[in-house]
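In what follows, chains are A, B, ... by sequence order, proteins preceding strands, each numbered from 1.
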Amino acid sequence: MRYSRYLLPTLKDAPSDAEIVSHRLMIRAGMIRKVASGIYNLLPLGLRVIRKVERIVREEMDRAGAQEVLLSFVLPSELWKESGRWDEYGKELLRFRDRHKREFCLGPTHEEAITDLVRREVRSYRELPKNLYQIQAKFRDEIRPRFGLMRGREFIMKDAYSFHASDECAEREYENMYRTYSRIFERCGLNFRAVEAETGPIGGKFSHEFMVLADTGEDSIATCRRCTYAANIERAETRRPHPGKREGVKKDTGIKEVSTPGMKTVEEVSSFLGVEPSRLIKTLIYSTDRGTVAVLVRGDHELNDAKLKRALDVKDLTLADEQTIRDVTGAPVGFAGPVGLKIPIYADYSVLEIEDGVTGGNRLDTHIMGVQPERDFRAQYLDIRKVVEGDMCPRCEGRVEIHRGIEVGHIFKLGTKYSESMGATFLDSDGREKPMIMGCYGIGIGRTAAAAIEQNHDASGIIWPPPLAPFEVELIPINIRDKETERVSMDIYRALTDAGIEVLIDDRDERAGVKFKDADLIGIPVRITVSNRTIASGSVEMKRRGEERKWLVKIEDTVREVRSILNRTP
RNA sequence: CGGGGCGUGGCGCAGUCUGGUAGCGCACCUGCUUUGGGAGCAGGGAGUCGGAGGUUCGAAUCCUCUCGCCCCGACCA
């Protein structure tokens, strides 16, 4: 491709609304332009990268035995009413009517659509399993779109859905997709982890998120330094303390009320009393659909709502309002404690390790010191706190570290949620009609490209992992007006192109500095510079993006050298 | 949905408080010089100041409404 004819509008400044590096660089490198909040046009360079990701995804999905389809992007409301999600999905579902006043929505995901398709065509266990996937635009009317392609409203996604006659078969496909996803993100050249994720109503171990490690990620994940344990922070388990840890408890220490005027937060109480936060017992009053409960965590820990919800098996969970807190504790917010409480008390395991604790006194400006769990109050102990850096791994003797991650893929065993509500059944070998067991598997295509930039850039611009790079080589004739430079450059351009290598030749009549800056910005892996200086020694200059080293190669060896850098066989 | 902020040429911004007929840098066009890390000089094109209404002799500037965009929050004790 000739740069002079290519639509590649690079920018020195990024628009002020671009916050994170991938967003800024995609705009500056002329890959994307904003159309509306969370909606983008892809320019030629950006589309080439998206196509690279798509190609890897297609090749691996096909290899794994899945088949590509393309479902309609506009979906009739009837399907969503059948599954019950027309009412459940909320405002993220963009709805509208056609000229006949029929209701439709833009597809934010396609479980209904695929289930409808399959239930019409598949009747027998002999036709199962099937894994169907598509790559297309989705629309979710997000509350707060941000970060460019990372979290847009319109975005390109690969979504796959599998249908099975048995649980075992569905689980085998889950494993198959797990391996396929790992291969896909490896081929993309990304540093990622597959982590255990929230499974919602399905439960069990059948949901993994594929996270690209990056500080700007919106998710937190916990990984073990020794074993392969890795989980979303929402789900990550903590180790149950060893029994007998509290042997040295002094039985004679009694509880003692202290005055703590205006001291409500952990920081205030801990510094006022001169007590480590880890000796404080935080008491939180929650309203749930099963009544008001008290929840205890150590002062230096944080409660994990998702884990608490699951442990208590409740649907709604909100911090109690001020009046409720007064009603159950007899004190204003900030002075609740477990001693003497009449409502059910749930505590994190770590609370059990406290032997001389401090809690609220259930009275204004009062706390209690010398509190001992089990002696002074009774509670049910559960794993309900957030994992923190340095915790013991729940699986081995290693310690846990916390990373930020970008969710680029998610695999999920769906079970029969949609097949049951929508009547996607088949006749099994025993002659009985059964709902199909389903799985679904998604990859954010645009987000994967953005994540690659988050992970691979420097102060000058993008450093594409070669498999995702829009071109493999950028060829720079220093002075295109110099006849000899132009001739040699064009010869090399043709030779590389004939060898099947994707080349962008910067044939603009620009100064060298401009070309180098643009080349660094758009981040093509191999740079070849041609000038009268290099030609004088019968050579061209090679450089890899992201490395400082430059070296000369004989003109006639250029193709061979590029092949070896890109690790390609002729 | 709550709070805050911003809409001025393609991009980044000043001007708004204190009303007087729109400016800077980059980008763009022409010419000459220059040509290995975002060149210099000279000339030039381009803006309904987000939109509507109002106040005023006069509005980017003041008032009202409206649209769009961004940030923070939306249970973190």
Side-chain angles (χ1 to χ4, degrees), chain A residues 7 9-20 23-24 27-30 33-39 90-91 142-148 151 153 220 233-234 263-270 277 280-288 294-306 308-309 316-322 324-325 329 331-337 359-360 384-386 388 459-461 476-482 485-486 506 508-522 527-536 540-541 543 548 550 552:
Chain A
L7 179 62
T10 57
L11 262 32
K12 283 186 186 173
D13 298 309
S16 54
D17 58 10
E19 285 277 298
I20 61 171
H23 188 193
R24 297 177 65 82
I27 290 172
R28 288 191 52 212
R33 289 292 184 262
K34 186 164 76 172
V35 175
S37 181
I39 301 176
K91 289 183 182 166
E142 294 266 352
I143 314 172
R144 254 187 81 191
R146 57 189 131 175
F147 304 151
R151 193 174 171 82
R153 292 193 291 172
S220 288
I233 200 94
E234 291 288 292
M263 305 292 159
K264 296 182 177 185
T265 65
V266 166
E267 295 73 33
E268 287 164 356
V269 173
S270 132
L280 267 54
I281 301 172
K282 276 195 290 199
T283 306
L284 311 164
I285 310 297
Y286 274 90
S287 295
T288 76
V295 181
L296 313 181
V297 291
R298 239 166 61 178
D300 58 334
H301 286 156
E302 274 185 46
L303 188 71
N304 182 330
D305 292 354
L308 178 63
K309 239 176 178 169
D316 298 320
L317 188 70
T318 48
L319 265 185
D321 57 43
E322 187 143 2
T324 308
I325 292 174
T329 69
V333 177
F335 300 97
T359 76
I384 51 176
R385 72 173 170 94
K386 252 188 206 166
V388 295
S460 304
I476 300 183
I478 287 295
N479 183 358
I480 196 73
R481 287 199 219 169
D482 181 82
T485 302
E486 199 212 356
D506 194 344
R508 295 175 299 170
D509 182 17
E510 286 285 356
R511 299 169 66 82
V514 174
K515 296 186 180 189
F516 288 143
K517 289 287 182 190
D518 277 335
D520 287 346
L521 178 60
I522 65 184
R527 189 182 87 186
I528 303 177
T529 308
V530 181
S531 70
N532 47 17
R533 214 196 275 172
T534 65
I535 291 171
V540 295
E541 179 194 89
K543 182 178 178 300
E548 285 310 307
K550 299 171 191 168
L552 292 176

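Across B:U66 and B:A42, the matching C1' atoms stand 47 Å from one another, rounded to whole Å. Between B:G53 and B:C11, the distance separating the two C1' atoms is 32 Å to the nearest Å. Going from the P atom of B:A77 to that of B:C67 covers 36 Å, rounded to whole Å. For the P atoms, the distance linking B:A14 with B:C29 amounts to 28 Å, nearest Å. The C1' atoms of B:C26 and B:G9 are separated by 12 Å, rounded to the nearest whole Å. Only the P atoms considered, B:U18 is 10 Å distant from B:C63, to the nearest whole Å. Taking atom C1' in both B:U48 and B:U35, the straight-line distance is 43 Å, to the nearest Å. Separation of the P atoms belonging to B:G45 and B:U55 is 37 Å when rounded to the nearest angstrom.
Put simply, NZ on A:Lys12 is 13 Å from C1' on B:C28, counting in whole angstrom units. What separates CZ of A:Arg24 from C1' of B:C11 is a distance of 12 Å, to the nearest Å. In this structure, A:Arg298 atom CZ and B:C76 atom C1' are separated by 17 Å, rounded to whole Å. The NE2-P distance, from A:His23 to B:C69, rounds to 13 Å in whole Å. Going from atom OH of A:Tyr286 over to atom C1' of B:C76 covers 8 Å, rounded to whole Å. Following rounding to the nearest Å, A:Lys91 (NZ) and B:A74 (P) show an atom-to-atom distance of 18 Å. Distance CD (A:Glu234) to C1' (B:C75): 13 Å, rounded to an integer number of Å. Rounded to whole Å, the distance from NZ on A:Lys34 to C1' on B:C6 is 12 Å.
Base-pair partner of B:A74: not found among the strands shown (Watson-Crick or G-U wobble, both distances under 3.5 Å). With a cut-off of 3.5 Å on both pairing distances, B:A60 has no Watson-Crick or G-U wobble partner at all. In this structure B:C32 sits in a base pair with B:G40, meeting the Watson-Crick or G-U test at under 3.5 Å. Base pairing annotation: B:G68 forms a Watson-Crick or G-U wobble pair with B:C6, both donor-acceptor distances under 3.5 Å. Pair assignment for B:G47: none, as no Watson-Crick or G-U wobble contacts are both less than 3.5 Å. Nucleotide B:G25 forms a Watson-Crick or G-U wobble pair with B:C11, both donor-acceptor distances falling under 3.5 Å.
With values rounded to the nearest 0.5 angstrom, A:Glu548 atom CD is found 5.5 Å from A:Lys543 atom NZ. Taking NZ of A:Lys34 as the start and NE2 of A:His23 as the end, the distance is 6.5 Å to the nearest 0.5 Å. Taken to the nearest 0.5 Å, the CG atom of A:Asp518 stands 3.5 Å off from the OG1 atom of A:Thr10. Put simply, CG on A:Asp13 and CZ on A:Arg24 are 8.5 Å apart, with the number rounded to the nearest 0.5 Å. Atoms CG and OG, on A:Asp520 and A:Ser460 in that order, are 5.0 Å from each other to the nearest 0.5 Å.
Nearest heavy-atom pair across A:Asn532 and A:Thr485 is N-OG1, 3.7 Å. Closest heavy-atom contact between A:Pro145 and A:Ser37: CG-OG, 3.3 Å. Smallest separation of non-hydrogen atoms from A:Ile476 and A:Lys515: CG2-CD, 3.7 Å. The two residues A:Thr283 and A:Gly337 make their nearest non-hydrogen contact at OG1-CA, 3.5 Å.
Using a 4.0 Å heavy-atom distance criterion, A:Lys515 is classed as making no nucleic acid contact. Residue-level contact check: A:Ala336 touches neither bases nor backbone, having no heavy atom under 4.0 Å from any strand. Residue A:Arg28 is in base contact, counting any heavy-atom pair closer than 4.0 Å across all strands shown. Across all strands, A:Ile476 comes closer than 4.0 Å to no nucleic acid atom at all (heavy-atom distances).
Nearest-nucleotide positions on RNA chain B for A:Thr10 and A:Val266 put A:Thr10 closer to the 5' end. Mapping A:Asp13 and A:Glu302 onto RNA chain B by nearest heavy atom places A:Asp13 at the nucleotide closer to the 5' end.
Taking side-chain N and O atoms only, A:Ser37 has a distance below 4.0 Å to OP1 or OP2 of B:C70.
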Polar-atom pairs under 3.5 Å, protein N or O versus N or O of nucleotides 13-16 of chain B: list them with distances, or write none.
residue	atom	partner	partner atom	Å
B:C13	OP2	A:Ser16	OG	3.2

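A salt bridge does not link A:Arg481 with A:Glu486: none of the charged nitrogens is closer than 4.0 Å to a carboxylate oxygen.
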* Structure fact -> Counting primed atoms, P, OP1 and OP2 as sugar-phosphate and everything else as base, the B/S/- map of nucleotides 31-36 of chain B against protein heavy atoms under 4.0 Å is ---BBB

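Side-chain proximity of A:Asp518 to B:G38, B:G37, B:C69: nearest is B:G38. Among the nucleotides B:A77, B:C1, B:A39, the one closest to the side chain of A:Leu303 is B:A77.
Within the 4.5 Å cutoff, the side chain of A:Arg151 has heavy atoms near those of the A:Glu142 side chain.
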* Asked: Could you walk me through whether A:Arg385 and A:Arg298 pass the side-chain contact (heavy atoms from CB on, under 4.5 Å) check?
  -> CA-CA 9 Å; A:Arg385 72 173 170 94; A:Arg298 239 166 61 178; over 6 Å; no

